[in-house]
Amino acid sequence: MNGVKFLRKIDKKDADAYFRIRTTLVVIYLLIGFSASFGVVFFAEELSGFSVNGFPFHYFMGAQGAVLIFILLLFINAIVNDRIDKKFGLDQDRKK
Amino acid sequence: MDTQFLVSLGLILATFGLYIGIAFYNLARKTSDFYVAGRNVPAVFNGMAIGADWMSAASFIGMAGTVMLLGYDGLAYIMGWTGGYLLLTFLLAPQLRKSGRYTVPEFIGDRYRSSTARLIAAVATIIISFTYSIGQLSGSGVVIGRLLEVDTAIGTMIGVALIAFYSALGGMKGITWTQVAQYLVLIIAYLIPVIFMSLQLTNNPLPWLSYGQIVSELQVLDVQLGISEYVVPFTEATRWQFLALMFTLMAGTAGLPHVIVRFYTVPTMKAARWSGAWALLFIGLLYLSAPAYAAFSRFILMTQVAGSSIADLPAWTTSWVNTGQLSVADQNGDGILQWSELVISRDIVVMATPEIANLGVFVVGLMAAGAMAAALSTAGGLMIAISAALSQDIYYRSINPQATERQRLLVGRWSIIIATVAAGIVALDPPGAITQIVAWAFALASGTFFPALILGVWWRRANGPGVIAGMLVGLTVTLIYIFSAQYGGFTLFGIIDTGAGVFGAAAAIITIIVVSLATKAPSKETQEEVMDLRYPEEMVYRDGEVWMKESLDETKVNK
């Protein structure tokens with residue numbers, strides 16, 4: 001934070017809007033992630049009826065599907081969050 | 001001394017020479033701006049470094065074997081150890097990054113304004129890292145035992161000497177480019193045998209796409225033999241055990257001190273998000289390959305080894321039988337080795353498969369080098385976490401505040417040696433498989449740090465007495481559950497020792513909430529600091545108002 005010279009007061013509503021968007025998105029991401037892992041495991045027997053690429057579906061999700069969804073969620077989060085930062089006038093890259 | 005020994009040893013020495021070389025090159029070049037240098041590393045490479053830090057003997061040596069022997073039920077390890085990064089990156093990393101504290105005990109001590117809480121966190125760090133390092137030593141025992149064709153216990157003793165020496169050198173922690181090199185060695189070593197086996201068995205160079213076919217064939221083989229089927233869920237453990245183990249590994253990931261530290265050292269919250277995403281991509285590459293590795297190993301063992309005549313088993317069997325981890329006994333005396341007569345420890349599957357599949361001395365040697373990198377780098381980091389907690393948080397802060405730099409350094413060095421030797425003694429006769437021992441460390445982390453950190457960041461009403469009681473209760477519940485499940489046969493809902501974290505975390509969260517509400521609320525200052533963590537780094541929360549940090553030149557750029 002070497003570059004900080006002064007503090008400018010901003011509307012608390014704007015700051016809270018930022019917090020709310022972030023929190024809502026995180027809740028959505030976690031719900032998706034948990035359904036892909038805990039949800040599928042819980043209904044493993046019911047979901048074993050059809051196959052994906054040679055695997056019964058529950059096995060495919062455990063060995064590949066869930067991990068791919070986790071990776072995707074983290075990248076989506078990083079990209080979306082960068083956009084939100086820009087919308088709120090924040091750009092951390094400029095900071096030295 | 002056979003060719004295999006010379007090639008394996010040569011590759012181990014060459015790769016370690018590479019790590020040390022990179023470390024010295026960076027040290028010599030950038031002593032003046034050492035810290036700044038670390039911060040200019042692009043998120044992609046930081047992700048690789050986190051991957052190298054994260055993937056230990058449990059991931060490299062233990063996991064595929066666990067999946068092979070547990071079938072579907074072993075996949076809890078795959079999803080648990082990757083899913084933890086969601087909790088970490090979404091719920092903790094950005095906030096901890098903003099708090100600016102450098103270690104977990106430091107954050108807990110400052111957030112809860114309690115030196116007792118800090119002390120308990122330091123003790124918990126030691127217990128967790130100690131348990132974790134038993135798994136690493138046990139893994140190095142497997143590799144060295146095979147290399148020298150001696151009993152795994154003797155291999156472990158040599159591992160102790162190596163790790164004590166490596167850690168005393170500083171473990172090369174925090175030198176990002178060394179870790180990038182470690183990641184590359186590790187992942188190449190792991191992928192080459194999987195790709196070769198995929199080509200051998202399916203003529204397809206992409207194991208991730210081809211092993212579905214092998215899994216289908218395994219189902220047919222299982223039915224023929226009348227054994228529990230590979231893909232059928234909950235044959236080795238109950239549904240609740242699977243869910244509990246997965247939760248334990250996820251929450252533990254989000255609470256492991258030596259993983260969290262990586263996110264304190266990134267320059268911005270944005271870098272924390274991107275590093276987390278890249279890290280999981282690089283980690284995922286190994287985790288997506290482990291079930292393929294497991295399926296290929298099981299297929300080769302079932303079709304090429306089982307059914308062959310006892311008298312002319314290939315050379316690799318003798319080498320592994322000598323380590324005490326493999327047994328081939330012709331129990332029914334028909335001269336043929338049946339699948340049920342082949343008893344393979346899950347810890348040697350990964351290391352033995354390249355030999356079984358006849359992939360050549362170079363690939364076998366590369367596996368040894370990759371496994372040693374995984375075990376030694378993680379063990380080095382754990383030993384440094386133990387010595388920092390002992391010398392800084394316990395000795396300097398609580399026992400002898402007048403201690404000189406030299407005295408603290410001495411305490412740190414001795415704690416590394418004592419901890420390595422003590423962990424080595426336990427690892428001589430490992431209390432469980434590598435993945436199982438490491439899962440205990442995760443259970444302890446999810447019973448102590450996970451609740452303390454999550455509530456510390458997200459609930460401003462949580463206070464010192466609450467977190468002290470919560471961490472003590474969580475630690476006790478987890479320890480008692482692990483011991484009574486492992487040695488007393490006590491279980492609830494079929495949840496065994498490795499799933500203990502779910503009880504520890506629940507007990508700790510309830511305790512923190514109840515005790516916090518029953519005692520005085522934290523000071524206004526503390527509550528404001530917690531509120532401040534909600535907002536991005538450029539914003540400061542003070543007296544109910546939010547301020548934006550700005551620099552003069554930045555405003556100019558904006559115009």
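The figures that follow rest on heavy atoms only: side chains count, while hydrogens, waters and symmetry mates do not. So you know, we letter chains A, B, ... as the sequences are listed, proteins then strands, and number each from 1.
Chosen from A:Gln64, A:Glu45, A:His58, the residue pairing most often with chain B at heavy-atom distances under 4.5 Å is A:His58. In terms of non-hydrogen atom pairs under 4.5 Å with chain A, the most contact-rich of B:Gln219, B:Met250, B:Arg534, B:Gln213 is B:Arg534. For chain B, the option among A:Gly33, A:Ser51, A:Ser37 with the highest count of heavy-atom pairs below 4.5 Å is A:Ser37. The candidate with the highest count of non-hydrogen atom pairs below 4.5 Å against chain B, out of A:Ile69, A:Asp14, A:Asn77, A:Leu68, is A:Asn77. Listed options A:Ile76, A:Ile79, A:Val67 were ranked by heavy-atom pairs under 4.5 angstrom with chain B; first place goes to A:Val67. Taking A:Leu72, A:Leu73, A:Val41 one by one and counting their heavy-atom pairs under 4.5 Å with chain B, the maximum is reached by A:Val41. Comparing A:Asp11, A:Val26, A:Thr23 by how many heavy-atom pairs each has under 4.5 Å with chain B, the most go to A:Val26.
Distance CH2/B:Trp278 to CG/A:Leu74: 12.0 Å, rounded to 0.5 Å. Rounded to the nearest 0.5 Å, atoms CE (A:Met61) and CD1 (B:Ile78) are 14.0 Å apart.
Contact of B:Trp81 with chain A is not made at all, since no heavy-atom distance falls under 4.5 Å. B:Phe247 touches chain A through backbone and side chain together, each having a heavy atom under 4.5 Å away. Contact of B:Leu91 with chain A is made through the side chain alone, with heavy-atom distances under 4.5 Å. The part of A:Ala66 that comes within reach of chain B is its side chain, from C-beta onward, which places non-hydrogen atoms under 4.5 angstrom from that chain.
Between A:Phe55 and B:Tyr211, the angle of the ring planes goes over 60°, which puts this pair in the perpendicular group of the 30/60° scheme.
The ring pair (Phe, Tyr, Trp, His ring centres under 6.0 Å) test applied to B:Tyr293 returns B:Tyr190, not counting sequence neighbours. Under the ring pair (Phe, Tyr, Trp, His ring centres under 6.0 Å) criterion, A:Phe38 pairs with A:Phe34, sequence neighbours left out.
For A:Ala44 against B:Tyr72, the heavy-atom pair with the smallest separation is CB-OH, 3.9 Å.
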